[in-house]
Amino acid sequence: MPELTRRRALGAVAALAAGAGAQALASPSASASPNGPAAARESMGEHHHGGPEPFDEVFRGRRIEGRPVTGGGHHHGAGYAVFIDGAELHVMSNADGSWISVVSHYAPVPTPRDAARAAVVELQGAPLVPFAAN
């Protein structure tokens, strides 16, 4: 039996980490959409040429707002801003019409409202810290 060396131990750990990462990428993950991942994928194909509708609601005890904005700033959301309890949630619209936020960057959702809801779920009651854009 070969002797256990530091190099072999690190190689084994790297192989296990790579395997776990590949398995995580291959398995379907739950979407942050309230109606599930299938509904999120189906509604992402629906493009609203007039832009997303404004909203103002309380979701899980947090006030979420979304509205069109004009002017400069760091908005990549096609002139749309989202707020959680008055703090701006950085959102961005993707080319396929889906939306992502700085909180749930790897889980695209169909609307900015869904991005705000997903962020509230992900924050688990923690306050939203302002995003310092370059």
Side-chain angles (χ1 to χ4, degrees):
M1 179 177 245
E3 182 181 335
L4 182 61
T5 64
R6 185 180 208 179
R7 178 176 289 189
R8 285 197 176 131
L10 289 174
V13 169
L16 287 173
Q23 183 178 8
L25 289 175
S27 67
S29 62
S31 171
S33 172
N35 298 325
R41 280 191 298 275
E42 288 173 10
S43 62
M44 279 184 205
E46 300 173 11
H47 296 290
H48 301 284
H49 297 288
E53 293 294 319
F55 63 91
D56 186 354
E57 67 181 49
V58 175
F59 178 75
R60 294 193 179 185
R62 310 284 295 266
R63 183 174 182 205
I64 58 174
E65 302 172 80
R67 60 182 176 264
V69 293
T70 58
H74 61 271
H75 298 284
H76 300 286
Y80 201 83
V82 174
F83 301 88
I84 298 176
D85 295 332
E88 186 173 5
L89 172 68
H90 186 77
V91 295
M92 185 174 83
S93 61
N94 294 321
D96 65 355
S98 64
W99 290 76
I100 58 175
S101 76
V102 71
V103 175
S104 57
H105 195 79
Y106 297 106
V109 292
T111 66
R113 180 187 310 243
D114 291 329
R117 289 176 175 171
V120 167
V121 170
E122 193 69 29
L123 287 169
Q124 300 179 9
L128 180 64
V129 178
F131 179 69
N134 294 340

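Residue numbers count from 1 along this sequence.
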> Going only through I, L, V, M, F, W and Y residues with side-chain contacts under 4.5 Å, is there a path from Val103 to Phe55?
Replying inline: yes
>> Can you confirm whether Leu128 sits close enough to Asp85 that some side-chain heavy atom of one is under 4.5 Å from a side-chain heavy atom of the other?
In response: no
> Is the closest side-chain heavy-atom distance between Val121 and Phe59 below 4.5 Å?
Replying inline: yes
> Is there a side-chain contact between Phe83 and Arg67, using heavy atoms and a 4.5 Å cut-off?
Replying inline: yes
> Does any non-hydrogen side-chain atom of Pro108 lie less than 4.5 Å from one of Asn94?
Replying inline: yes
> Does the Tyr80 side chain pair with the main chain of Glu53, one donor and one acceptor, at a distance under 3.5 Å?
Replying inline: yes
>> Going by salt bridge (charged side-chain N to carboxylate O under 4.0 Å, His left out), name the pairs with one or both residues in residues 100-113, residues two or more places apart or in two chains.
In response: Glu57-Arg113
> Any idea which heavy atoms bring Val82 and Ala116 closest together, and the distance?
Replying inline: CG1-CB, 3.6 Å
> For the residue pair Trp99 and Pro110, what are the closest heavy atoms and their distance?
Replying inline: CD1-O, 3.5 Å
>> For the CD atom of Glu65 and the CG atom of Leu89, what is their distance to the nearest 0.5 Å?
In response: 12.0 Å
> Got Arg117 and Val109 here, is their nearest side-chain heavy-atom distance under 4.5 Å?
Replying inline: no
>> Quick check for you: to the nearest 0.5 Å, what is the distance between Ser104 atom OG and Asp114 atom CG?
In response: 10.0 Å
> Can you list the steps and then say if Met92 with Val102 is a side-chain contact (heavy atoms from CB on, under 4.5 Å)?
Replying inline: CA-CA 9 Å; Met92 185 174 83; Val102 71; over 6 Å; no
